A.B. asks: 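First the structure, then my questions, so here it is.
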Amino acid sequence: MYFFICSLSVVDIINSSSVSPTMILVLLADITAISYRSCITQMTLYNLAFAMEKFTLSLMAYDRLVAISYPLRYHSILTKTCIVLLTVASWTLGFAFTAVLTGIADRLPYCRTTLKYAFCDYGAMVRAACVNPDEYFVVSTVLVFFILFGSFALICISYLKIIFTVLKIAPSEDRKKMYSTCSNHLIVVASVFALPFVIIIVTRIGLVLSITERNVLIIVSSLGPCLVNPFVYCFRTKEIRRQLFRIFKAVSPQE
């Protein structure tokens, strides 16, 4: 589990460090001009973080499933080799998703040097090109649908299995431990998937968002999980909380 938490931390660092500088310039300094290299680099890192965040949460759900459904076989199922292979496979898929969108964006003819939105994502780059944007959103829509709904479906299936397993456990104390074990992950899942689903629903019902409203939704959905994850896993995980207390105690001035 802790290996996946470390992987999620790396994803959060990539996500926040890639989009925050441009957001600050656009929203606070009203500087919307950006170089092509900077923009496509930011888009690549953002897309990688977007995909890896979902894949990592799916792996964490599978980890909880094995830990609760097969506690005595946990270390024989999720061996170090298995964890590394799952992580490498998820990062490979993430890079493949990123490479497809970056390849499409890199071949577009651009006629604008300013950003319409708060940072460089695929949509912002397509709308900055001298092309019909609708034609270039088909591939991205299919890929995002696969990543978003595919990973969410895997998480739901894992938790359905966990619920059936927990209901078979008689002692209420054991059930509380199971719920406590999964609560951290469920909070993070809610923070990651809630707003993207809201954006999809709002778009599908035909509600047209202003640029400001779209920027707010994208900023919160992009940076919100990066703010939530450290608090959830630092203050709600007993082992990490103990280690933090030891570190603070060690560095505190001795009287």
Side-chain angles (χ1 to χ4, degrees), residues 1-20 42-69 74-75 77-102 121-122 140 143-162 180-197 199-200 218 220-237 239-240:
M1 181 65 172
Y2 296 113
F3 187 87
F4 295 137
I5 293 176
C6 291
S7 180
L8 185 62
S9 301
V10 172
V11 172
D12 287 339
I13 292 172
I14 294 174
N15 192 8
S16 58
S17 60
S18 64
V19 301
S20 297
Q42 183 180 111
M43 186 203 74
T44 301
L45 293 175
Y46 172 76
N47 288 336
L48 177 62
F50 171 85
M52 284 308 306
E53 191 171 45
K54 280 66 179 179
F55 293 154
T56 304
L57 290 176
S58 300
L59 293 178
M60 294 171 74
Y62 176 68
D63 175 271
R64 294 299 84 197
L65 170 63
V66 175
I68 293 175
S69 300
Y74 177 82
H75 292 289
I77 296 175
L78 282 179
T79 61
K80 292 182 179 179
T81 302
C82 180
I83 291 174
V84 171
L85 289 176
L86 288 174
T87 304
V88 170
S90 65
W91 279 93
T92 302
L93 289 175
F95 278 112
F97 164 75
T98 303
V100 172
L101 295 186
T102 302
D121 61 353
Y122 180 78
S140 63
L143 292 175
V144 170
F145 180 88
F146 167 75
I147 292 174
L148 198 63
F149 288 92
S151 58
F152 186 72
L154 291 175
I155 293 172
C156 290
I157 292 171
S158 297
Y159 274 100
L160 284 175
K161 174 64 175 176
I162 289 174
S180 177
T181 301
C182 297
S183 61
N184 295 343
H185 183 252
L186 288 174
I187 292 173
V188 176
V189 169
S191 68
V192 169
F193 285 94
L195 274 179
F197 284 153
I199 294 174
I200 292 173
I218 292 179
V220 175
S221 64
S222 301
L223 298 183
C226 301
L227 299 174
V228 172
N229 295 346
F231 286 99
V232 170
Y233 286 110
C234 287
F235 296 108
R236 290 180 61 87
T237 304
E239 291 80 1
I240 297 178

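The shown structure was predicted, so the numbers you read here are calculated from the model rather than taken from an experiment.
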A.B. asks: Could you pull out all residues at least two apart from Y46 that satisfy side chain to side chain donor-acceptor pair (under 3.5 Å)?
C.D. replies: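 Once residues adjacent in sequence are excluded, the partners of Y46 under the side chain to side chain donor-acceptor pair (under 3.5 Å) criterion are S222.
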
A.B. asks: Restricting to non-hydrogen atoms, name the atom on A49 and the atom on I14 that form the minimum distance, rounded to 0.1 Å.
C.D. replies: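 In terms of heavy atoms, the two residues are closest at CB-CG2, 4.2 Å.
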
A.B. asks: Side-chain contact test, heavy atoms from C-beta onward, threshold under 4.5 Å: evaluate it for F193 versus K54 and give yes or no.
C.D. replies: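 Yes. Closest side-chain heavy atoms under 4.5 Å.
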
A.B. asks: Would you say I5 and M60 make side-chain contact, with heavy atoms under 4.5 Å?
C.D. replies: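 They are in contact (side-chain heavy atoms under 4.5 Å apart), so the answer is yes.
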
A.B. asks: Could you tell me whether the side chain of F4 reaches within less than 4.5 Å of the side chain of I83, counting heavy atoms only?
C.D. replies: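 A side-chain contact exists here, since the closest heavy-atom pair is under 4.5 Å.
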
A.B. asks: Between T44 and T102, is any side-chain donor less than 3.5 angstrom from a side-chain acceptor?
C.D. replies: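 The answer is yes; a qualifying pair exists.
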
A.B. asks: Give a yes or no on whether the backbone of T87 and the side-chain of S90 come within a donor-acceptor separation of less than 3.5 Å.
C.D. replies: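 Side chain of S90 to backbone of T87: a pair is present.
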
A.B. asks: Please table the atom pairs, donor to acceptor, closer than 3.5 Å between any side-chain atom in residues 144-161 and protein atoms at least two apart or in another chain.
C.D. replies:
from : atom 1 : to   : atom 2 : distance (Å)
S151 : OG     : I147 : O      : 2.5
S151 : OG     : L148 : O      : 3.1
S158 : OG     : L154 : O      : 2.9
Y159 : OH     : H185 : ND1    : 2.7

A.B. asks: Do you know the tightest heavy-atom contact between T56 and S7?
C.D. replies: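 Smallest interatomic distance, heavy atoms only, reads OG1-OG, 3.8 Å.
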
A.B. asks: Mind checking the CG-CZ spacing from L86 to F3? Nearest 0.5 Å is all I need.
C.D. replies: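 Going from the CG atom of L86 to the CZ atom of F3 covers 10.0 Å.
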
A.B. asks: Do L78 and Y62 have side-chain heavy atoms sitting under 4.5 Å apart?
C.D. replies: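 In contact.
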
A.B. asks: So, taking the atom named SG in C82 and the one named NE2 in H75, what distance separates them when rounded to the nearest 0.5 Å?
C.D. replies: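 The NE2 atom of H75 is 13.0 Å from SG of C82, to the nearest 0.5 Å.
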
A.B. asks: Do the side chains of Y74 and D63 get nearer than 4.5 Å, heavy atoms only?
C.D. replies: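 A side-chain contact under 4.5 Å exists here.
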
A.B. asks: Any side-chain heavy-atom pair from W91 and L48 closer than 4.5 angstrom?
C.D. replies: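 Heavy-atom side-chain distance check passes, below 4.5 Å.
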
A.B. asks: Donor-acceptor pair, distance only, cut-off 3.5 Å: does the side chain of N47 make one with the backbone of M43?
C.D. replies: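 Between the backbone of M43 and the side chain of N47 there is a qualifying donor-acceptor contact (under 3.5 Å).
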
A.B. asks: How long is the span from the CG atom in L57 to the CE atom in M52, to the nearest 0.5 Å?
C.D. replies: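 Separation between the atoms: 10.0 Å.
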
A.B. asks: To the nearest 0.5 Å, how far apart are CG in L227 and OG in S16?
C.D. replies: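 The OG atom of S16 is 8.5 Å from CG of L227, to the nearest 0.5 Å.
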
A.B. asks: Look up atom OG in S140 and atom CG in L101, then write down how far apart they are to the nearest 0.5 Å.
C.D. replies: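 The distance works out to 6.5 Å.
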
